[in-house]
2 protein chains.
Amino acid sequence: MPSRKPDATIVDVARTAGVSAATVSRVLNGSGPVSPSARGRVEEAVRRLRYMPNASAKSLRHLKTSTLAVIVSDILVSYYAEIIKGIENTAGALRYKILICDAQNQREKEADYMTLAMDRTVDGIILIAPMLGDAELAAYADRGYALGVIGRRIDHPAIPCVYTDNVGAATEAVTHLIAQGHERIAFLSGFADATDSYERLEGYMKALRQASLPFRPELIDSGGFSEPGGYEAFLRLRERSSAFTAVFAANDEMALGIYRACAELGIPIPAGMAVVGVDNNRVGRHVDPALSTVDPPKHAMGALLAEKLIDQLGEGRCPGTRCFEVGSRLLVRGSSIFNNK
Amino acid sequence: MPSRKPDATIVDVARTAGVSAATVSRVLNGSGPVSPSARGRVEEAVRRLRYMPNASAKSLRHLKTSTLAVIVSDILVSYYAEIIKGIENTAGALRYKILICDAQNQREKEADYMTLAMDRTVDGIILIAPMLGDAELAAYADRGYALGVIGRRIDHPAIPCVYTDNVGAATEAVTHLIAQGHERIAFLSGFADATDSYERLEGYMKALRQASLPFRPELIDSGGFSEPGGYEAFLRLRERSSAFTAVFAANDEMALGIYRACAELGIPIPAGMAVVGVDNNRVGRHVDPALSTVDPPKHAMGALLAEKLIDQLGEGRCPGTRCFEVGSRLLVRGSSIFNNK
DNA sequence: AAAGTTGTTGAAATCGATTACAAATTGCTG
DNA sequence: CAGCAATTTGTAATCGATTTCAACAACTTT
């Protein structure tokens, strides 16, 4: 027995309905006048044969695939997964499909996936927190490929981007800790060279300056954005100085590492140590005490960029505003407020 | 200025190299003899024009797209995301792309995505823990569409499937708790009607029977596979009976809900309450104490099914074994062992 | 020098759907 | 009933790459 019977084509439908392929196409797309009688017979034939137009043929004819690629460094990171959900929702509503590409934290893989635009597998590419540099991305855009970036600002007239106000958010978080009476506040960066880390550090310093508090370099360390990294960085911090009473961590995963370290050292949160993270990770809401955190509008960021990029595909060029800096809310929860018993 | 210069086509390359399109194709695919001189000129032209064959045209010609769709009920569930990673790795190695579809827990969306096979956007579909019933899936397969299922057994000669030995794994987990001296062990199911929940309950009962322990219905509750659900279910259980000393939760999220409830009630884990979950969620390794859990080979499950389905696409029918029941390891960690301090 | 190899090459058909254009049909007016 | 307009329909070209087949060139062999 053969593998499968081939699908019905538009010619099969035409033959069954006793008309030409052109008429079938007109019925299906409403692209021209068709007599009621012919329309009826075509519709009947389509039903009988369960006909669906071949997507590859449509793509070839229109020179567009109605598909976007989304390149992400690790699909397991829930922060990215939520952005993807936002993209998927909007893209789906606009009849676009999305091809997900997990670059597994390898810059080379990320670059490989760019070929999806070049061989026209996709109409455009969305990069989430790309590893490729600005110059490389600009080069792709200059060659006429549509791409958009989530997570950092890009200054290229054809590349729409959406990113968060890291400085402002960090300033708000640290100012909140200061308002709670903390004067020695540690900062846990992710990777020392990541834009996100850098900007959050900037916000941290800005908040200290505004409150006329001194900047103490011994209260700064890095935890690689991971839970174990946060755990170890906290232990290092404590070794250097036991005088601080609060920590602002550049993401929630590291903040959870701090929770574990505090549990082991018998330091109560928030009484002995206040903690604030960034990301609004799902887990943070359910630990005890609940983790205060900066909540970036992940879903909205994905949705916004998808809409922009798809618009651009239609218009031929990037319409209206191209760069969007979105604000984040500070969610104050149990890990940073004193007044709970 | 226009949107973008159109890509070079095979005809452009042919003209530039002073040969016919057929020769260009032969050079690119090694599908026929080409003189060294012609080959050289073609390669040069390809480089100069940065030519890449149009994917849609290739798909149309070969009547295959080298793309699989993966339909999942929620991409945020890390359990599913890890399976997807396994699929992506294997598929990528076999030169297949994957289209990710998030059905958002809606059965109707899941059914909608099946059209991707019918309009030949994809060559085959992988469903992870599908909501669609066996009969519906069988109907698609009967109509000649290639599909595979991860998460439950399907008895259809053309549908490969990979699933875990839920009964065995649950039996092992509960037997482990019994070995630790527990006699009254609660069970938290996910949804009462989910296959996974049902089979894990079966394993729970089997372990009790083997140890000649009585089955107590008041020690059974459901938490909808979520953290808050687990939290609330635990509180309900405690209200009904405070005599149990251990809980086996049908997944780690619910187990984390139990952690929170125990923290609030001042019950120490594992001394006052032993906990074992299922999934080997990333978070479980970092909570205190670390969560004992059943670890299904998520990555391998995805990889295995992807390979099977792609094989089937080549062969025309499902070759060799079609159903794979994979075993899970029990990871014993701090939440279920007494001997720590 | 005629016949037969071997090795290269291009013209044309094909995949399935869309669309510009021309042809055919119908209805209406003078 | 001739002539024109309006409506409906089909033919053929097109999108870009692949592949069959026949043609051609450059040889060797007799």
Side-chain angles (χ1 to χ4, degrees), chain A residues 4-43 45-46 49-67 115-123, chain B residues 4-43 45-46 49-67 95 115 117-123:
Chain A
R4 63 176 180 82
K5 48 194 171 318
D7 303 305
T9 72
I10 198 171
V11 176
D12 298 325
V13 175
R15 195 171 25 233
T16 306
V19 298
S20 75
T23 299
V24 176
S25 176
R26 278 187 282 256
V27 170
L28 262 46
N29 302 298
S31 51
V34 178
S35 69
S37 132
R39 159 165 288 116
R41 278 173 299 145
V42 168
E43 284 169 349
V46 165
L49 301 177
R50 299 194 200 237
Y51 169 74
M52 292 206 79
N54 181 297
S56 301
K58 271 187 129 90
S59 296
L60 176 57
R61 183 66 233 236
H62 293 124
L63 298 182
K64 72 177 279 225
T65 58
S66 294
T67 305
T115 58
L116 290 174
M118 306 187 214
D119 73 8
R120 296 291 155 199
T121 295
V122 301
D123 298 335
Chain B
R4 63 176 180 82
K5 49 193 171 317
D7 304 303
T9 71
I10 197 169
V11 176
D12 299 324
V13 175
R15 194 170 26 233
T16 305
V19 297
S20 74
T23 299
V24 176
S25 176
R26 277 187 284 254
V27 170
L28 263 47
N29 302 297
S31 51
V34 178
S35 68
S37 131
R39 158 164 291 117
R41 279 173 299 149
V42 168
E43 283 168 351
V46 165
L49 302 177
R50 297 194 203 236
Y51 169 73
M52 291 206 79
N54 180 297
S56 301
K58 270 187 130 91
S59 295
L60 177 57
R61 182 66 232 237
H62 293 124
L63 299 182
K64 72 176 280 224
T65 59
S66 295
T67 305
R95 326 251 62 180
T115 58
M118 306 187 215
D119 72 9
R120 296 290 155 199
T121 295
V122 300
D123 297 335

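Lettering of chains follows the sequences in order, A, B, ..., and the numbering in each one begins at 1.
Residue B:S35 has no polar side-chain atom (N or O) positioned under 4.0 Å from OP1 or OP2 of C:dG7. Phosphate proximity of C:dT18 to A:K58: present, with a side-chain N or O under 4.0 Å from OP1 or OP2. For B:T23 and C:dG10, the shortest distance from a side-chain N or O to OP1 or OP2 is below 4.0 Å. The phosphate of C:dC15 has neither OP1 nor OP2 within less than 4.0 Å of any side-chain N or O from A:N54. When the side-chain nitrogen and oxygen atoms of A:Y51 are compared with OP1 and OP2 of C:dA17, one or more of them lie within a distance under 4.0 Å.
Nearest heavy-atom pair across A:S56 and B:S59 is OG-CB, 3.3 Å. A pairwise comparison of heavy atoms in A:V122 and A:T65 identifies CA-OG1, 3.5 Å as the closest pair. For the pair A:R39 and A:V27, the tightest heavy-atom approach, listed with the atom from each and the gap, is CA-CG2, 4.1 Å.
At whole-Å resolution of the value, CG in B:D7 and C1' in D:dC15 are 13 Å apart. In this structure, B:I10 places its CD1 atom 14 Å from C1' of D:dC15, rounding to the nearest Å. Atom-to-atom, CZ of A:R61 to P of D:dA13 comes out at 13 Å; the value is rounded to the nearest Å. For the pair A:D12 CG and C:dC15 C1', the computed distance is 13 Å after rounding to whole Å. Regarding A:R39, its CZ atom lies at a distance of 12 Å from the C1' atom of D:dT8, rounded to whole Å. Between the C1' atom of D:dT14 and the CG atom of A:L60 lies a distance of 9 Å, rounded to the nearest Å. As a whole-Å value, the separation of A:K64 NZ from D:dT14 P is 23 Å. Between the P atom of D:dG16 and the CZ atom of B:R15 lies a distance of 11 Å, rounded to the nearest Å.
Across D:dA17, C:dA17, D:dT9, the shortest atom-to-atom separation from the side chain of B:T9 is found for D:dA17. If you check C:dG10, D:dC15, C:dG16 against the side chain of B:L63, the one that comes closest is C:dG16.
A donor-acceptor contact under 3.5 angstrom links the side chains of A:S25 and A:N29, judged on distance only.
Between the base of C:dG10 and the side chain of B:R26 there is a donor-acceptor pair shorter than 3.5 Å.
Using a 4.0 Å heavy-atom distance criterion, B:V24 is classed as making no nucleic acid contact. If you check every strand for non-hydrogen atoms under 4.0 Å, B:P33 touches a base.
Where B:S20 and A:A21 meet DNA chain C, the nucleotide closest to each residue was compared, and B:S20 sits on the side nearer the 5' end.
The shortest distance between side-chain heavy atoms of A:D12 and A:Y51 does not fall below 4.5 Å.
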